K.L.:
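One structure is given below, represented as C-alpha cells, and several questions about it will come after.
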There are 4 protein chains.
Amino acid sequence: MHNRHFTRPSELTEIVERKQSHVEICLNGPIDYENKTNGFDHYFFEHTATPEVNFSEIDLSTTFLGRKISYPLMISSMTGGYSGAMFVNQMLAEICQHLNIPLGVGSMRQALEDKSYQQSFEIVRKVAQNVQIFANIGAPEVAQGLSRDQLKFLTNLIKADGLIIHINPAQELFQPEGNTNFKGFLSQLKALIDAVQIPVIAKEVGAGISGKVAARLIDAGVTAIDVAGAGGTSWQKVEKVRYERKYGIDKRFSATAMNELLNWGIPTAECLVQITKLKASEPEKYNNIELISSGGISNGVEIAKSLALGAQIAASARPILKQLLAREDSSQDNLERTIMTWMNDLRATMFLAGVSSIAQLRQTKLIC
Amino acid sequence: MHNRHFTRPSELTEIVERKQSHVEICLNGPIDYENKTNGFDHYFFEHTATPEVNFSEIDLSTTFLGRKISYPLMISSMTGGYSGAMFVNQMLAEICQHLNIPLGVGSMRQALEDKSYQQSFEIVRKVAQNVQIFANIGAPEVAQGLSRDQLKFLTNLIKADGLIIHINPAQELFQPEGNTNFKGFLSQLKALIDAVQIPVIAKEVGAGISGKVAARLIDAGVTAIDVAGAGGTSWQKVEKVRYERKYGIDKRFSATAMNELLNWGIPTAECLVQITKLKASEPEKYNNIELISSGGISNGVEIAKSLALGAQIAASARPILKQLLAREDSSQDNLERTIMTWMNDLRATMFLAGVSSIAQLRQTKLIC
Amino acid sequence: MHNRHFTRPSELTEIVERKQSHVEICLNGPIDYENKTNGFDHYFFEHTATPEVNFSEIDLSTTFLGRKISYPLMISSMTGGYSGAMFVNQMLAEICQHLNIPLGVGSMRQALEDKSYQQSFEIVRKVAQNVQIFANIGAPEVAQGLSRDQLKFLTNLIKADGLIIHINPAQELFQPEGNTNFKGFLSQLKALIDAVQIPVIAKEVGAGISGKVAARLIDAGVTAIDVAGAGGTSWQKVEKVRYERKYGIDKRFSATAMNELLNWGIPTAECLVQITKLKASEPEKYNNIELISSGGISNGVEIAKSLALGAQIAASARPILKQLLAREDSSQDNLERTIMTWMNDLRATMFLAGVSSIAQLRQTKLIC
Amino acid sequence: MHNRHFTRPSELTEIVERKQSHVEICLNGPIDYENKTNGFDHYFFEHTATPEVNFSEIDLSTTFLGRKISYPLMISSMTGGYSGAMFVNQMLAEICQHLNIPLGVGSMRQALEDKSYQQSFEIVRKVAQNVQIFANIGAPEVAQGLSRDQLKFLTNLIKADGLIIHINPAQELFQPEGNTNFKGFLSQLKALIDAVQIPVIAKEVGAGISGKVAARLIDAGVTAIDVAGAGGTSWQKVEKVRYERKYGIDKRFSATAMNELLNWGIPTAECLVQITKLKASEPEKYNNIELISSGGISNGVEIAKSLALGAQIAASARPILKQLLAREDSSQDNLERTIMTWMNDLRATMFLAGVSSIAQLRQTKLIC
Ligand SMILES: Cc1cc2nc3c(=O)[nH]c(=O)nc-3n(C[C@H](O)[C@H](O)[C@H](O)COP(=O)(O)O)c2cc1C
Ligand SMILES: Cc1cc2nc3c(=O)[nH]c(=O)nc-3n(C[C@H](O)[C@H](O)[C@H](O)COP(=O)(O)O)c2cc1C
Ligand SMILES: Cc1cc2nc3c(=O)[nH]c(=O)nc-3n(C[C@H](O)[C@H](O)[C@H](O)COP(=O)(O)O)c2cc1C
Ligand SMILES: Cc1cc2nc3c(=O)[nH]c(=O)nc-3n(C[C@H](O)[C@H](O)[C@H](O)COP(=O)(O)O)c2cc1C
C-alpha cells in the first residue's frame, strides 16, 4: 500500500487520542448549538381528522440506495480506529443487523496507517452481514488525494456498500491539529468517484450542506447527500473543548466572533428545503440523488418531517451514542428501545397526518 | 337489536370507567393546550366610534339548521352512559330548554350495549322538549359500520334532531384502549348519512378540522361541521392522564415528540378561516353547510369573533362543565349566569363593532 | 330654554359626582392601556446627518382651523361643571392664553341644566381672550337631539370658536349610568352641524377613530377630527373604577373578555395612518379636513411623529392634568415648563430629521 | 493665518477639557446604544461545506483610495489637541505603520488656534510615514467656512492623504456647548472640496448616514463615506454625561423622548445596505465612491459582513481605544494582538464562506 502523505507515528497516536476524546466529549460536553435549532420546530403537519389509516398497518419500510430497509433511519458514522471503538462498533452493528437499517463507520484514516487499528472496523461487517455498511473518510484526505489502492483497501475492509466522504471545514477550523486546506477537494472528489466502484455519499458533520454546495457535489458525481445540518452537535464546540484541554482558554477568535463561529451552520430542515428545491429545478439531473436528513434528529416526529421535506431517510449519531453509553441505564437494549420509540413517534405522526406508507409521507406538504 | 362488533361485558365496564374519568379529569386535570391558543387572540374587531346601535335592542337570536334559537351557542356533546351522567345531562338539558339553545349528548356507544345505560340519555329529551338535541357516536364505531337498526335506536332514544359523529384520531391514539383503525371511515360515513333521516354533523374533539378534511366530509354528505379546534381541551392529555393512572409514566413516545403530539391540532380560528375560504371557493356546493365554532371558547368576545369568521354558532364543552361542577360555588345557576355573561360580552362586542344583529355580525371583517 | 330630555335633579348631582371622580381617578388610577401602545413606537424618523437647519431658528408655529397658533398643540377637553373645575379651567386657560394654543373645555351637558354650573366654563373665555376655545358635548346628547337654543346657549357661554362632539361608546358601555343608545347619532350630527354656525370637531376619548368612521363623520359635515386613539387613557378603565366603587367587583363581562374590552381601541398612530390614507384617496373631498392627534401623547417626539403621519396638531388631556395636579410639585408653572420641554423634544426631532418648519415636518416620511 | 470665527482663549480651554473628557468617558461610561445593535446580527453568511480555500493562503490585503493596505481596517478619528493626546496618537500611529493600515486623527479645530496643540497631531506623521493619515474637522466648522489657508495648514501639519469631515448633528444637539447651526453646510462642503487638493471623506460619529444623505454628500463631491452608524458608541450619551457633570440632571428633553433621542440613529449595516443600493442604482455616478463601515465594529465577523454588504474597509474607534487604555492589561501590544485576532475572525469567516480574497468576499451575498 502506498502511503503518500500521512503519517508519522506520533501523529497516529494523536488520531487515536482524538477519536477517544470525541466519544467522551460527545457523551459529556455541553456541545449543543445555542439559539439555533435544527429547524424542524418551524414546520408542522396539518392535522387530518379523517385519516384513512389503520395505525397498526402503517408500513415504515422503504429503500435506501436500492436496498429495502425496515425503517427510514441509519446510524451515522461515528467511530473506529482505537481499541474502545471495537466494542461500540460491535454493538451498533448488532442493532443495525437486528433492525435491518444501514450503518456508517467512523473515519477510517488511521486504518490506512496501522494494521492494529483495522479490527474495530472489520467487526462491523462480521456482525452485520445483511445490511448496508458505509466506509468513511474525510474531505482533507480526499483533497490531498487517495490512491486507488488505499480506497480499495478501505472499502474492502468492511465490504462497504458505499463510501461516505465527510466534509467538515468548521470542525477542522477549530480542531487543534485541524487541516484547513480544502483547495482542490472537488476535483479530487470527482477523481475518487471515478476510481471507486461503489456509491459515494457526501456528508457534513453538523454545519449543513446548502443547495449551492449540493449542486457542486452532485456535479462531482455523488449519489447521495447527508445534510448533517446545524442544531444538534456542534463539532466546533467539540474541538474547542479539546483545544482548551491542550492549550488553555481559547483566544483564537474574539469573544463575540467565537459565539457566531461556534453556532455557525445551516439548520437541518433548511438544508433539506434548499436541496429539495434544487432537485425540483432540474429533475432529470437531480431526481435520483437521495437525501439523508441528519443533525440533531432526536425523535420520530422529526424523522417524519424530514421525509416530508424531501429526505429519503434520516440519520442520527450523538443521540444514538448517548442511549448506548451516556448514563447508568444506557445499554444496547436501551438504544434499541429508543429507536423503537422513535418509530412509534413516526407512526403516530403518520397516523395524524393521514398517511400509511413512507411513500405517502414524502408527498405530504408541511406548514411553516 | 343487532350488535355486530362490540362489546364484551368487561369492555362495557371499561367504557363506564372511561366516561366517569373523562368528566373527573376535565374538571381537575391540567389538560389545556400549551403554547397554542385557539387562535382568536390573533383577530380583532376594528373599533366603531359611531355604532348606529342601541345596546339594549341588540338581537342575539339566530337560526341553527333551520330552527330559530335564542343565542348563537350550543352546549357540546359531553356525557351519558353511566349513573352520574344522568344528573349532569338533566341539568344541561334544563338550561338549554330554558335558554332555547341546542344541546349535544355524549357518545351513545354504550347505550347500544346495555339498557341500563339508556336512561341518562333519555332524560335529556324528557326535560328539553322544545330545543334541538343531537345524538352522538364516534368515528371508530362508524368505521366499523353501524346497522340501520342501531342508528334508529340511538336517534329515537332522544328523538334526535341530528346526529353528531365525533372524529377523534388524536384522542384514540393516546387512549389506553383506543381504537386507531380509521380505515373506511369516509365511505361508512357516506353510507350512514344515506341511512339516517336526520342531519349529520361531523365534529372533532379538540384537534380541529382543516379545509381539506371539511371538503371530504361535505362530499360524504354532512350538513354541518363543528370544528372543535385546538387551543382548549387537549384530549390527548386527558387520555395520557388515564394511561398513566393505569400503567405508570407514559413512554409510548419520545419526550420531545410527546410534547408535539399532546399539543397537536389546528387552532379553532384557523379551522374557521380555512373552511370559510373553502365555502367561498365553491358557493353553490358549500354555501348551505353550517359551521360550529368550538374548541376553547370561553367568553362572548370569542363567540363574536367566531361568527365574524364564518361560524353559524359557537359551542362549548369543558368550560360549561366547570361552571356546573368544578368549584364549591359551581351550580346550574352559576352556569346559566355565566352563559348570560358571555352573551353580554357578545353584545358589548357587537355594540363596539357597530352591529345590532347576528346577521350583521357575520358580515363584519376582522383585522389580523 | 327648552329642556326636552334631561335631567332630574338627582341625575344632575350624579353628573357632578362623575366629573369630580373623573379628575380624581385620572390623577391616581391605574388606567393606562396594557399591552397596547399609542403606536408611535412603531414609527421612526430616518436620521439626517446633514440637516440644513439652524436649531435656534426652528419655527413651531402653524395654523389650526385658519387661526395662527404658536405651537402645534392643544389642551384637550377635560372638565367643567362642578366647583373644583373652575380652578382647573382657569389655570389651563391662562396657560393657553400665554402660549397661544387652543383649549377645549369639558362636556357642557350640566351647564344646560343649572346656572350654577356655568361659571366654571365662562371663566375660560374670560381668561383666554385671544385663543381658540372649543365647546364640548357628548354623542349620546347629540343622538337624543339638541335644540338650536341649547346649542346657541352652550357656544355663547364661552364664545366658542368651534364645537367638539365627543363620541365615546366604549366609555358609555362601562359607565355605571352610561347611555348606550347611539342610534340616530349620525343624522342628528348632520342636523346639528346645519344648525350651528361654527366648525364642528368630532372626537373619541381614547378608543380611536378609524378611516371608515372618519368617512362617515366627514360625510355628516365635520370640519376636523380628533382621533383620541388607544394607548393612553382607557376610559373603560376609568368607568370600571367608578362602577366598582358603587357596586363592588365588576362581573358584567367575563374575566377574559373584560381584558379585551378594557384595552379595546385603535392606537393613535394607526388612526392617523388610516385617515391620512382616506384623505389621499379623495383629496378634493377630504383635503380640508384637519386632524388632531391625541391619545397618550406625552412628549414632543410623538408630536413630531403625529405631524409626519398627517395630523395638523396634537392634543393632550391626562398627561396635562397630571403636570398640573398629580404630585406635590405639580403646578401651573410645572405644566408650562413641561409643555416647553415637549416643544424642545419637537425641535430636536425636527433638527435631526432635517426640517425647520411644521410644514416641512408634515412632508417627512416615517419608517415603520 | 486668518482666524475669522473662532475662538476666545476661554473657549479653547473648553475644547481641551472636552477632548480629555471624551477619551475618559469613552473608556468608562455606559454609553452604548440600548435596544439597538449595529445591525450585523441580522445578516449571516451561508455555510459553504466545500470551501475551495486553503486557510493559510487567505489574502486580507486590499486597497483604500488607491493605496494598497494589508488589512481592510482603519483606526477611526479620535483625538489630538491636548497633551495626553500626544501619547495616544503616537501609539496608534506606530501600530498603523506596523500593520500598514490607515489612521484618522481627531478633530483638528484647536490646532488652528494655538501652536501648542499642534504637536499631538504632527507626531502621527512622524511615526507613521508610510501609511495613509487623514486630517479631521467638524461639520459646524465647515458650515461656518474655512479659509484655504486654514485648510492648507491643517492638512500640511500631518501631510494628510485625505481630509475627513465629521457630521455630528446628534452629538452637537446634546453637547453642552454644541453648535447646532448646520445651515449652509452642504454648499460650504462643496466649496471646501473645490479648495483642497486631497480626497475628502464625509463621516458621521455614530448616528449613521442614510442613502439619501449619501447622495447629497456625493453630489457635493466627497470621495468616500464613513457611515459611522448606530449600535456602538452613542455620542448623545457621551455629551449627556458631560452635560450632567456641569449642570446636574439633564431635563432638556422629556424622559421618554430622551430615550429615543439618545438611541437615535441608523444601524451601521442598514447604512451600508442603503448606500450600496444607491450605488447600484446609478453605477456610472456612484461606483467610485468607497464606503467605510464603522459604528460598533468589534470583531472580524462584523468586518466580513461589512465587506459583503458593500464596504471597502471597516473602521473602529472606541473598541480600539479600550484595548489600548481601558484596563490594567491594556497596552499597545494588547491592541495589536486584538486587531490580529479580528483578522483571524475575518479569515475564519472567509474560509467558511468559501472565499480566499477580499475581492471575492465583496461578491458574497448575505442572508437576512
Ligand atoms: C462520537 C462521534 C464521532 C463522529 N465521528 C465521525 C466520523 O468519523 N466521520 C463522520 O463522517 N462523522 C462523524 N461524526 C459526525 C456524525 O456522523 C454526525 O454527522 C454529526 O454528529 C451530526 O449528527 P447528530 O446531531 O445526530 O450527532 C461523529 C459523531 C460523533 C457523535
Ligand atoms: C367531559 C367531556 C366529555 C366529552 N365527551 C364527548 C363525547 O362523548 N362525544 C363528543 O363528540 N365529544 C365529547 N367531548 C368533546 C367536546 O364535545 C368538545 O369537542 C371538546 O371538549 C372541545 O371543546 P371545549 O374546548 O369547549 O371543551 C367531551 C368533552 C368533555 C369535556
Ligand atoms: C379628567 C378628564 C376629563 C375628561 N372629560 C372629557 C370631556 O368632558 N369631554 C371630552 O370630549 N373628553 C374628555 N376627556 C377625554 C380627553 O379629552 C382625551 O380625549 C382622552 O383622555 C385621551 O387623551 P389622553 O390620552 O391625552 O388623556 C377627559 C379626559 C380627562 C383626563
Ligand atoms: C475618544 C473618541 C474621540 C473621538 N473624536 C472624534 C473626532 O475628533 N472626530 C471624528 O470624526 N470622530 C471622532 N470620534 C468618533 C469615531 O471616529 C467614530 O465615528 C465613533 O466613535 C463610532 O465608532 P465606534 O463605535 O467604533 O466607536 C471619536 C471617538 C472616540 C471614541
Side-chain angles (χ1 to χ4, degrees), chain B residues 32 37-38 40-58 73 231-232 296-306 314 316 319-320 322-323 329 334-335 337-357 364-367, chain C residues 35-36 139-140 142-143 165-174 178-187 189 202-217 219-220 225 227-230 236 251-261 263-267 270-271 274:
Chain B
D32 289 305
T37 68
N38 61 16
F40 291 113
D41 51 336
H42 297 123
Y43 292 89
F44 296 95
F45 286 94
E46 189 169 84
H47 176 57
T48 301
T50 54
E52 292 280 323
V53 175
N54 184 347
F55 184 85
S56 63
E57 292 171 6
I58 289 173
L73 179 70
I297 298 278
S298 69
N299 66 52
V301 176
E302 292 179 330
I303 297 174
K305 290 177 180 177
S306 295
S316 171
I320 293 285
K322 283 173 133 179
Q323 295 299 330
D329 60 343
N334 180 50
L335 171 54
R337 241 189 340 260
T338 297
I339 294 177
M340 285 300 96
T341 305
W342 291 12
M343 292 307 117
N344 209 39
D345 302 341
L346 173 55
R347 264 188 216 99
T349 309
M350 290 171 70
F351 177 62
L352 298 180
V355 298
S356 48
S357 74
T364 307
K365 284 219 156 20
L366 297 185
I367 302 163
Chain C
N35 303 322
K36 185 179 269 182
V142 173
I165 313 293
H166 65 262
I167 354 180
N168 59 344
Q171 177 184 10
E172 300 285 345
L173 183 66
F174 274 86
N179 178 343
T180 46
N181 185 0
F182 275 67
K183 225 164 156 181
F185 167 71
L186 283 167
S187 64
L189 175 65
K203 110 180 228 303
E204 244 282 353
V205 299
I209 289 178
S210 67
K212 231 177 289 171
V213 168
R216 293 185 204 163
L217 292 167
D219 286 347
I225 291 173
V227 300
Q236 298 90 292
K251 295 181 176 167
R252 292 175 292 174
F253 306 110
S254 316
T256 47
M258 181 71 90
N259 191 44
E260 187 146 351
L261 293 171
N263 293 292
W264 183 279
I266 312 169
E270 171 66 14
C271 295
Q274 285 190 20

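In what follows, every chain begins at residue 1, and chains take the letters A, B, ... in the order their sequences are listed. Here the structure is a predicted model, which means the values were calculated and not measured.
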K.L.:
More than 12 non-hydrogen atoms from neighbouring residues, nucleotides or ligands closer than 6.0 Å to NZ on C/Lys36, yes or no?
P.N.:
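Above 12, so yes.
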K.L.:
Could you have a look at B/Arg337, B/Arg347, B/Glu302, B/Lys305 and say which one has the most heavy-atom pairs with chain C under 4.5 angstrom?
P.N.:
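Answer, by heavy-atom pair count under 4.5 Å with chain C: B/Lys305.
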K.L.:
Side-chain donor-acceptor pair under 3.5 Å between B/His47 and C/Glu204, yes or no?
P.N.:
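There is such a pair between these side chains.
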K.L.:
Looking only at heavy atoms, what is the nearest atom pair of C/Ile167 and B/Ala49, with distance?
P.N.:
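Shortest heavy-atom contact: CG2-O, 3.5 Å.
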K.L.:
Is the C/Trp264 ring parallel, tilted or perpendicular to the B/Phe45 ring (thresholds 30°, 60°)?
P.N.:
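Judged by the thresholds at 30° and 60°, the geometry between C/Trp264 and B/Phe45 is parallel.
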K.L.:
Is chain B contacted by the side chain of C/Leu261, its backbone, both, or neither, given a heavy-atom distance below 4.5 Å?
P.N.:
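For C/Leu261, side-chain heavy atoms alone lie under 4.5 Å from chain B.
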K.L.:
Using atom types as modelled and distance alone, determine if a side-chain donor or acceptor of B/Asn299 lies under 3.5 Å from a backbone N or O of C/Ser254.
P.N.:
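Pair absent, no side-chain N/O of B/Asn299 close to backbone of C/Ser254.
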K.L.:
Could you have a look at C/Ser210, C/Ala214, C/Ala257 and say which one has the most heavy-atom pairs with chain B under 4.5 angstrom?
P.N.:
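Result: the option with the highest number of such pairs is C/Ala257.
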K.L.:
Using atom types as modelled and distance alone, determine if a side-chain donor or acceptor of B/Glu52 lies under 3.5 Å from a backbone N or O of C/Gly184.
P.N.:
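A pair under 3.5 Å: yes.
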K.L.:
Using non-hydrogen atoms and a 4.5 Å limit, figure out which bit of C/Leu189 sits close to chain B: side chain, backbone, both or neither.
P.N.:
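For C/Leu189, neither part sits under 4.5 Å from chain B.
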K.L.:
In terms of heavy-atom pairs under 4.5 Å with chain B, which of C/Gly265, C/Ala230, C/Gly208, C/Ser187 leads?
P.N.:
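Of the options given, most contacts go to C/Gly208.
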K.L.:
Count the heavy-atom pairs under 4.5 Å between each of C/Glu270, C/Met258, C/Gln274, C/Glu172 and chain B, then report the option with the highest count.
P.N.:
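Winner by heavy-atom pair count: C/Gln274.
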K.L.:
Measure C/Ala139 against the heavy atoms of chain B and call it side chain, backbone, both or neither at under 4.5 Å.
P.N.:
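Neither the backbone nor the side chain of C/Ala139 comes within 4.5 Å of chain B.
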K.L.:
Among the options B/Thr338, B/Asn344, B/Ile367, pick out the one with the most heavy-atom pairs lying under 4.5 Å from chain C.
P.N.:
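Between B/Thr338, B/Asn344, B/Ile367, the count favours B/Asn344.
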K.L.:
Is it the side chain or the backbone of B/Ser356 that comes within 4.5 Å of chain C heavy atoms, both, or neither?
P.N.:
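When you check distances to chain C, no heavy atom of B/Ser356 falls under 4.5 Å.
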K.L.:
Could you walk me through whether B/Ile303 and B/Asp345 satisfy the side-chain contact (heavy atoms from CB on, under 4.5 Å) test, starting with their C-alpha distance in whole Å, then the side-chain angles of each, then the deciding distance to 0.1 Å, before giving a yes or no?
P.N.:
CA-CA 9 Å; B/Ile303 297 174; B/Asp345 302 341; over 6 Å; no
K.L.:
Is chain C contacted by the side chain of B/Glu57, its backbone, both, or neither, given a heavy-atom distance below 4.5 Å?
P.N.:
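Just its side chain gets close to chain C.
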K.L.:
Where do C/Val213 and C/Ile209 come nearest, in terms of heavy atoms and distance?
P.N.:
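Looking at all heavy atoms of both residues, the closest pair is CG1-CG2, 3.9 Å.
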K.L.:
Based on non-hydrogen pairs under 4.5 Å, which of B/Thr50, B/Val301, B/Thr349 is most in contact with chain C?
P.N.:
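That would be B/Thr50.
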